[in-house]
Number of protein chains: 2
Amino acid sequence: MTTARRDTYTPETLLSVAVRVFNERGYDGTSMEHLSKAAGISKSSIYHHVSGKEELLKRAVSRALDGLFAILDEEHARVGRPADRLEHVVRRMVEMLIAELPYVTLLLRVRGNTETERWALDRRRDFDHRVAELLKAAAADGEVRGDVEVRLATRLVFGMINSIVEWYRPDVRGASDREVAEAVVRLVFSGLRHA
Amino acid sequence: MTTARRDTYTPETLLSVAVRVFNERGYDGTSMEHLSKAAGISKSSIYHHVSGKEELLKRAVSRALDGLFAILDEEHARVGRPADRLEHVVRRMVEMLIAELPYVTLLLRVRGNTETERWALDRRRDFDHRVAELLKAAAADGEVRGDVEVRLATRLVFGMINSIVEWYRPDVRGASDREVAEAVVRLVFSGLRHA
DNA sequence: AGAGTAACCGAACGATCGGTCGGTTCAAGG
DNA sequence: CCTTGAACCGACCGATCGTTCGGTTACTCT
């Protein structure tokens with residue numbers, strides 16, 4: 001068993017700094033010089049901990065994707081009426097988004113310029129399809145409205161949920177993750193009109 | 001009156017090419033070399049038409065912002081019951097988003113790295129506030145539900161609308177702009193449950 | 001105290017960045 | 001036919017990109 005030798009960086013602690021800067025400046029807009037300033041170590045020292053810029057990206061988006069897929073394995077997402085399972089997934093997605101905010105933020109901004117980015121986009125598509133099937137099942141059972149196409153509705157609901165990364169900030173005293181999740185569930189299922 | 005001397009580029013036609021590449025690779029991920037390849041002219045020739053990379057960005061986001069603000073000046077957005085005015089703005093935002101898709105897409109992705117980007121973010125905030133006030137008025141009149149905070153609801157509705165740029169493609173035979181707008185209005189006001 | 005090594009650094013690499021410059025091509029107007 | 005100027009080009013600029021390398025520091029273990 002190896003313990004930390006001194007108060008220093010690990011790939012994980014370095015990652016948290018990198019992800020913060022990536023989200024502030026964009027991945028392409030962030031240079032290794034920016035990262036070294038933010039981390040307080042020299043540019044070359046970063047390569048002692050990670051293989052390069054792209055490994056940091058891969059570690060970050062992997063963490064976000066693992067969190068999302070884990071939701072689909074939860075019991076409430078697997079058993080029960082489709083509409084209830086959908087509600088559970090929507091609620092947990094919001095909570096996961098907020099819990100792993102910087103990592104999911106980075107994931108949602110990937111454009112596909114590198115191999116790592118294309119891999120992330122593929123896994124995202126897989127996840128989207130899994131949720132779309134849930135909505136489809138709920139529609140087939142007549143538990144949600146059928147006058148809006150399933151694919152279209154899925155994309156719009158995803159859009160609402162994913163947009164949280166654009167404005168949610170944990171530091172300022174606003175709504176908690178549970179409160180945001182509750183608001184999303186209400187709007188997704190009942191809309192703005194009185195319930 | 002000056003007519004086009006030969007079949008050549010103008011700042012506007014060059015802009016449409018640049019915006020397409022910006023959206024594919026991201027603004028920071030796009031080099032002038034990328035633009036010159038896509039436009040079919042040399043890198044230095046681009047500078048004959050525009051002052052540089054940032055002017056292309058500014059022209060693009062200006063066009064998107066002008067389109068959005070024009071919606072607020074339309075009669076149906078100024079007179080009538082707040083909830084009806086809100087519905088009109090939501091519907092027109094979707095149509096505008098789709099009509100000016102590449103320009104709005106670029107606008108929604110600026111991060112604030114340059115002066116132009118920060119200016120765009122400021123104008124976006126202004127627009128958001130104007131719509132938030134509309135929702136607030138509708139809530140005060142009891143026309144929409146009050147159990148979800150106005151600021152939160154505004155952000156979520158914006159999130160749903162803005163997410164359209166992430167998946168809508170005019171070439172493939174999918175929903176038309178009117179159909180998407182109708183779907184958004186239904187989900188925003190009534191949600192997934194049966195109306 | 002001395003060996004071993006994780007952590008770190010400054011300097012420099014070739015490549016590419018956004019942008020400049022002097023000069024060439026080519027169509028319109030007199 | 002000749003001048004004019006918009007359109008365009010290849011070559012190049014200093015700066016910065018992600019990354020590498022040789023060497024130094026500082027901590028742990030014996």
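Side chains are part of it too, since the values below use all heavy atoms of this structure and drop only hydrogens, waters and symmetry mates. If you're wondering where the values come from, they're calculated on a predicted model, not measured in any experiment.
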Is the backbone N or O of A:V110 less than 3.5 Å from a side-chain atom of A:E117, with the two atoms forming a donor-acceptor pair by type? no

Enumerate the salt bridge (Lys or Arg N to Asp or Glu O under 4.0 Å) contacts for residues 92-101 of chain B, please, sequence neighbours excluded, ordered by first and then second residue. B:R63-B:E100, B:E74-B:R92, B:R92-B:E95, B:E95-B:R178

Side-chain contact, heavy-atom cut-off 4.5 Å: A:F158 with A:M93? yes

Figure out the NZ/P separation between A:K37 and C:dC9, and round it to whole Å. 11 Å

Answer with yes or no whether the side chains of A:S44 and A:S42 bring together a donor and an acceptor at under 3.5 Å. yes

Once each nucleotide of nucleotides 10-24 of chain D is scored for protein heavy atoms under 4.0 Å, what B/S/- sequence comes out, 5' to 3'? B------SBBBB---

Quick one: is D:dA6 close enough that its OP1 or OP2 comes under 4.0 Å of any side-chain N or O from B:H49? no

Does A:K43 reach the main-chain N or O of A:S31 with its side chain, forming a donor-acceptor pair under 3.5 Å? no

Do A:I46 and A:L14 touch side chain to side chain, with heavy atoms closer than 4.5 Å? yes

With a 4.0 Å cutoff (strictly under), does any side-chain N or O of A:H48 reach OP1 or OP2 of C:dC8? no

Rounded to whole Å, please give me the gap between CG in B:L57 and C1' in C:dG19. 17 Å

